Amino acid sequence: MAAGYGELLRSRHAARLLCGTLVGRLPSATGHIAIVLFVRAEGGGYALAGALAAVYGLATAVGQPLLGRAVDLYGQPKVMLPAAVLSGVGMAALAVVGIDPLPPAYAAVVMAGIFTPPLEGGLRALWPSVLGRADRVHAAYALDAVAQEVMFTAGPLLVTLFVAWWSPGAALLVINVLGVLGALSVVVSAPSRRWRSAPREAHWLGALRSPGLLALLGSFLFVGVALGSITVAAVAYADDHGRESVYGWLMAALGLGALIGGAVYGARQWAGEPERRLRLLVGLLALGYLPLALTPGVAAMTGLAVVSGLFLAPALACAFVVVDRHAPRGTVTEAFSWLVTVFGVGAALGTGAAGPAVEWGGTAPGFWVAGAGGVAALLVLLATTRVLNGRGRGGDPVVSSENDRNGAAEPGFSAGHQA
């Protein structure tokens, strides 16, 4: 029987690591919104605000796998905490210097983005050593996926509250101070201090030399496209119905669906190969996105949004297991960080594609982009079935976990070992 979430969170260190990681991820979850609000308050236009936010996102996408590789090589405390501090200094510089002149502003957001610590990958690398049993690790992955949805829903609300209470500049400072404190809470914990990656083969491609990992990343690039396009199409839908609040309802419904799906998925143990299960989950995810293009009335559309979110958290949780199974030995943090990167790049591409689609044909074509993204994600998994099925470690058969000294975890967990 699978471990329940309550049992999981009562495990030593589990609640602290999860909460610390969530708080530490506040800057990355809210940075783009905080930048836009700050630039507008400083008198900058939407074009400049969008450009600075985009540069921040791209810098984060570049920095995540690089810092993930550094974590695998040197350990979590030596990389995570300095990176969090440098990222916070970058945002603080933006808050102090402002947007005039522009070059320092761009330099500040590049610094903040590229040094965003890979806390997501770090947490997923720690779960096997903290929880031990495969059912608990699977539940933790599902809880992690659900927590992401909560963070990306509640985070922007926190920023707007900080702006209302103080100012956009103060909001930038506060969320980054919280981010540093969250990272500090993680890296001073015993599991983080003890964790060491497995010995790795020197290779310039690092985690990307695994064909199975490349297949997974290709698929989730398109999942990101789907989600990015939904955010734009939902704004257009709200405009069509003359109420800005409709956008909030749709995003909340999407998050509610992910919350329900993740809770149900993580509450039981699943038999069979996770690669096969992932194809089913991504297929159901794509099927959930397609009806959004019907754009019915608000009540029905909200229901469709709930359905479209149901399989997001389960697909992410299953993808985390597949990443661990296919990451070359000694590269697990880097591999998880690549998943964060391609997801973010895909969301940016989806946002860029949905805008012209809405301008060309109205709201429905914006949601067509989401449906197309979901279908493309499934097609990538189907086309790479042979690569993904039962293979790991960059082409070697999946072997037993380096964490699992008592044979408790299922084959494939390779997040590292305790020194």
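Heads up: numbering here begins at 1 and tracks the sequence. Note that the structure is predicted; figures quoted are calculated from it, not measured.
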Practice problem: Can you sort out the partners of Arg277 under side chain to side chain donor-acceptor pair (under 3.5 Å), two or more places apart, ordered by chain and number? | Solution: Tyr265

Quiz prompt | Residues that Thr60 engages under side chain to side chain contact (heavy atoms under 4.5 Å, CB included), provided they are two or more places apart | solution = Tyr56, Gln64, Thr116

Practice problem: Specify the closest pair of heavy atoms between Pro118 and Val71, including all atoms of both residues, with the distance to one decimal. | Solution: CG-CG2, 4.1 Å

Quiz item: Where is the tightest heavy-atom contact between Trp127 and Ala14, given as atom of each residue plus distance?
Solution: CH2-O, 3.8 Å

Hey, can you pull the donor-acceptor pairs under 3.5 Å for the side chains in residues 335-345, sequence neighbours left out?
residue, atom, partner, partner atom, Å
Ser337, OG, Thr333, O, 2.8
Trp338, NE1, Glu334, OE2, 3.4
Thr341, OG1, Ala61, O, 2.8
Thr341, OG1, Ser337, O, 3.3

Self-check item: From Val321, Asp324, Val323, Leu388, residue fulfilling side-chain contact (heavy atoms from CB on, under 4.5 Å) relative to Pro274
Solution: Val321

Exercise. Would you please name every residue forming a side chain to side chain contact (heavy atoms under 4.5 Å, CB included) with Ala49, sequence neighbours left out?
Key: Val36, Val39

Practice problem: Please identify each residue that fulfils side chain to side chain contact (heavy atoms under 4.5 Å, CB included) with Val177, with sequence neighbours left out. | Solution: Leu181

Quiz item: Any idea which heavy atoms bring Leu67 and Pro117 closest together, and the distance?
Solution: CD1-CA, 4.4 Å

Quiz item: Do you know the tightest heavy-atom contact between Ile175 and Leu172?
Solution: CG1-O, 3.4 Å

Quiz item: Just by distance, do the side chain of Ser87 and the backbone of Ala84 share a donor-acceptor pair under 3.5 Å?
Solution: no

Quiz item: Is it true that a side-chain atom of Gln76 and a backbone atom of Gly122 form a donor plus acceptor pair closer than 3.5 Å?
Solution: yes

Quiz item: Are Arg16 and Ser189 close enough that a side-chain donor and a side-chain acceptor fall under 3.5 Å?
Solution: no

Could you list the donor-acceptor pairs under 3.5 angstrom formed between side-chain atoms of residues 353-376 and any protein atom two or more places apart in sequence or on another chain?
residue, atom, partner, partner atom, Å
Thr363, OG1, Asp240, OD2, 2.3

Quiz item: In chain order, what residues pass the ring-ring contact (aromatic ring centres under 6.0 Å, His included) check against Tyr237, with sequence neighbours excluded?
Solution: His241

Compile the donor-acceptor pairs under 3.5 Å between side chains in residues 102-112 and protein atoms, sequence neighbours left out, one pair per line.
none

Quiz prompt | Inter-residue atom distance Ile35.CD1 - Ile99.CD1, 0.5 Å rounding | solution = 12.0 Å

Side-chain polar contacts of residues 279-292 - donor-acceptor pairs under 3.5 angstrom, sequence neighbours left out - could you list them?
residue, atom, partner, partner atom, Å
Arg279, NH1, Asn389, OD1, 3.2
Arg279, NH2, Asn389, OD1, 3.1

Quiz item: How many angstroms lie between atom CG of Leu379 and atom OG of Ser219, to the nearest 0.5 angstrom?
Solution: 9.5 Å

Quiz prompt | Min side-chain heavy-atom separation Met251-Ile230 under 4.5 Å | solution = yes

Exercise. Identify, with sequence neighbours excluded, every residue that meets side chain to side chain contact (heavy atoms under 4.5 Å, CB included) alongside Ala92.
Key: Leu173

Quiz item: Which heavy-atom pair separates Gly261 from Pro314 by the least distance, and what is that distance?
Solution: O-CG, 3.4 Å

Practice problem: Could you grab the distance from atom CG of Leu381 to atom CG of Leu278, nearest 0.5 Å is fine? | Solution: 5.0 Å

Quiz prompt | Spatial distance of atom CZ (Arg194) from atom CG (Leu126) [nearest 0.5 Å] | solution = 10.0 Å

Quiz item: Side chains of Asp144 and Phe320: does their closest heavy-atom pair fall under 4.5 Å?
Solution: yes

Quiz item: Sequence neighbours excluded, which residues qualify as side chain to side chain donor-acceptor pair (under 3.5 Å) partners of Thr302?
Solution: none

